[in-house]
Amino acid sequence: MVSENIQENIKLPIIDLSLEKSQIIKLIVKASEEFGFFKVFNHGVDTNVIKKMEDESYKFFSKPFSQKQCAGPANPYGYGCKNIGFNGDNGEVEYLLLHANPNLCISQISKNISSDPLMFSCAVNGYVESVRELACKILELMAQGLSVQQTSVYSNLLMDLHSDSLLRINHYPPFNWTPHLLHHDCDTSPNSCNSTVSKIGFGEHTDPQILTILRSNDAPGLQISPQKGLWVPVSPHPNTAFSIFVGDTLQALTNGRFKSVRHRAMVNSCKTRMSMVYFGAPSPHARICCPLELVTTTPHKPYHLYRPFTWAEYKKATYSMRLGDTRLDQFFRLQSENDETITINNQTS
């Protein structure tokens, strides 16, 4: 078992999207290769759009538990509490899971979420539209940075009429701590927010989708793991920024050049944390295969690292496994160039 190493002095990339375009592209590519994660500010998402979504979310989570239960269970959409997924994972989290496809009306489920379903629906649709636009912008900059000829090849997957994108709103209440059970070095005073007095709110995992865009309040808790056993806390500041995560599907679409980053959420005993998370995904039948340019030009990797698959196939594999399981390399990575050639021929015949 690998022991955990928490490194708070590692500087994570924060990118100003108002910089000169060529500079932004270089920074995004570097961050995606090294960390699979970066933050962006001056992103163009209207603060009023963000505030409306935050306000509606806080209103819902402030309700009595019995009222929140009326919006659940999350099967697959709606309210969930503690249980994460379908395979026994648990966390200190309650959440709302909503489909983010603008062509699917959420007004019906909104009746069980808000006393003003129209206001809630408008807040969700406005927020999703804005963050989807940001995701597409970032994906097109990524494609340019990788010298992919069709720069919209990744963003088109999110803009598909049948996109399977999601919006998940996570709420982590402070947990009840028992001072005599904690380590003697911990500060257990009621006013303390010592980072050692914490536990896992949402366990370590990678996101299966293409790109994740996360917005959180000013409470700490998010951590990424750029290498096994190493955890780097992500500062909640600047609170105007969005956190960007490379997902498994994007790792496959870039032939392994960009890394899907493992991450988790911790909760502490004194502060509520809330995050609004957009998961940009393709349509279920979209064929996931990296552009030809990345097969022929990637140094030391002159063939496909992953066999082509559909998003429905990968999603099924994700739901069949535990939260922290490795899916992409375990089931979709090719062992040799010969395997790759046979797979592609079978897929395209």
Side-chain angles (χ1 to χ4, degrees), residues 2 4-43 134-135 137-148 151 153-155 204-216 220-238 241-266 277 279-280 290-291 293-295 297-302 304-306 324 326-329 333:
V2 178
E4 287 191 2
N5 179 15
I6 308 292
Q7 287 286 346
E8 298 188 6
N9 58 348
I10 294 178
K11 188 175 182 181
L12 297 174
I14 303 178
I15 301 172
D16 182 351
L17 293 185
S18 69
L19 295 174
E20 199 272 328
K21 186 176 180 180
S22 63
Q23 188 177 357
I24 296 172
I25 290 173
K26 289 178 182 177
L27 292 171
I28 286 178
V29 170
K30 187 173 186 290
S32 300
E33 290 177 336
E34 291 184 2
F35 293 100
F37 171 88
F38 53 94
K39 280 189 163 188
V40 295
F41 66 102
N42 287 328
H43 41 68
L134 174 60
K137 176 181 178 180
I138 290 171
L139 287 170
E140 290 180 7
L141 291 170
M142 287 175 165
Q144 291 178 57
L146 293 170
S147 300
V148 175
T151 57
V153 65
Y154 300 143
S155 61
E204 67 172 278
H205 63 285
T206 60
D207 294 334
Q209 293 87 357
I210 297 174
L211 199 73
T212 300
I213 297 186
L214 179 148
R215 166 86 181 196
S216 66
L222 178 62
Q223 297 179 349
I224 68 166
S225 179
Q227 64 187 60
K228 196 168 185 179
L230 173 65
W231 288 97
V232 182
V234 178
S235 170
H237 305 292
F242 283 100
S243 293
I244 313 296
F245 300 80
V246 171
D248 295 348
T249 304
L250 186 56
Q251 179 171 320
L253 285 166
T254 60
N255 209 30
R257 186 164 167 183
F258 289 176
K259 307 301 180 185
S260 181
V261 63
R262 297 185 78 79
H263 53 285
R264 67 186 182 186
M266 308 297 290
V277 196
F279 299 99
C290 72
E293 297 95 316
L294 299 181
V295 179
T297 61
T298 303
H300 313 300
K301 298 174 183 175
H304 287 270
L305 290 183
Y306 304 98
T326 301
R327 304 164 291 249
L328 188 61
D329 285 340
R333 189 179 178 100

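FYI, the numbering just counts along the sequence from 1. The basis for the numbers below is simple: all heavy atoms, side chains too, and nothing from hydrogens, waters or symmetry mates. All figures in this text were calculated on a predicted structure; none of them were measured in a lab.
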| Note, Pro13 side chain near Leu27 side chain (heavy atom, < 4.5 Å) | no
| request: Just do the side-chain contact (heavy atoms from CB on, under 4.5 Å) check on Leu328 and Arg333 with the steps written out, would you? | output: CA-CA 6 Å; Leu328 188 61; Arg333 189 179 178 100; over 6 Å; no
| request: State the CG-CG distance between Leu146 and Leu141, to the nearest 0.5 angstrom. | output: 11.0 Å
| Can you tell me how far OG1 of Thr212 sits from CZ of Phe279, rounded to the nearest 0.5 angstrom? | 5.0 Å
| remark: In terms of heavy-atom contacts, Ser260 and Asp207 come closest through OG-O, 3.9 Å
| Between Thr254 and Leu294, what is the shortest heavy-atom contact and its length? | CA-CD1, 3.5 Å
| How far apart are the closest heavy atoms of Pro233 and Glu8, and which atoms are they? | CG-CG, 3.7 Å
| Min side-chain heavy-atom separation Phe38-Ile28 under 4.5 Å | yes
| query | Ring centres of His263 and Phe245 under 6.0 Å apart? | reply | yes
| note | d(Ile210 CD1, Thr249 OG1) to nearest 0.5 Å is 6.0 Å
| So, do Ile10 and Leu230 sit near enough that their side-chain heavy atoms are less than 4.5 Å apart? | yes
| task | First locate atom CG of Leu12, then atom OG of Ser243, and finally report the distance between them rounded to the nearest 0.5 Å. | result | 9.0 Å
| query | Do Glu33 and Phe258 come close enough that some side-chain heavy atom pair is under 4.5 Å? | reply | yes
| Val40 side chain near Ile213 side chain, heavy-atom distance below 4.5 Å | no
| task | Taking all non-hydrogen atoms of both residues into account, name the closest pair between Asp16 and Ser18 and its distance. | result | OD1-OG, 2.6 Å
| Which atom pair, heavy atoms only, marks the closest approach of Cys290 to Leu253? | CB-O, 3.1 Å
| Short side-chain to backbone donor-acceptor contact, Arg262 and Gly324, under 3.5 Å | yes
| message | For the backbone of Ser235 and the side chain of Lys39, can you confirm whether one donor and one acceptor N or O come within less than 3.5 Å of each other? | response | yes
| note | In short, Phe41 meets Ala241 closest at the heavy-atom pair CB-CB, 4.4 Å
| Hey, mind stepping through Ile15 and Leu17 against side-chain contact (heavy atoms from CB on, under 4.5 Å) and telling me if it holds? | CA-CA 6 Å; Ile15 301 172; Leu17 293 185; 4.2 Å; yes
| said: Could you walk me through whether Thr206 and Arg327 satisfy the side chain to side chain donor-acceptor pair (under 3.5 Å) test, starting with their C-alpha distance in whole Å, then the side-chain angles of each, then the deciding distance to 0.1 Å, before giving a yes or no? | reply: CA-CA 9 Å; Thr206 60; Arg327 304 164 291 249; 3.0 Å; yes
| said: Can you confirm whether Tyr154 sits close enough to Leu211 that some side-chain heavy atom of one is under 4.5 Å from a side-chain heavy atom of the other? | reply: no
| Does the pair Val234 and Phe37 meet the rule for a side-chain contact (heavy atoms from CB on, under 4.5 Å), with working shown? | CA-CA 10 Å; Val234 178; Phe37 171 88; 3.7 Å; yes
| message | Between Ile138 and Phe242, is the side-chain contact (heavy atoms from CB on, under 4.5 Å) condition met? List the steps. | response | CA-CA 12 Å; Ile138 290 171; Phe242 283 100; over 6 Å; no
| query | Can you tell which of Lys259, Gln251, Met142 makes a side chain to side chain contact (heavy atoms under 4.5 Å, CB included) with Ser32? | reply | Met142
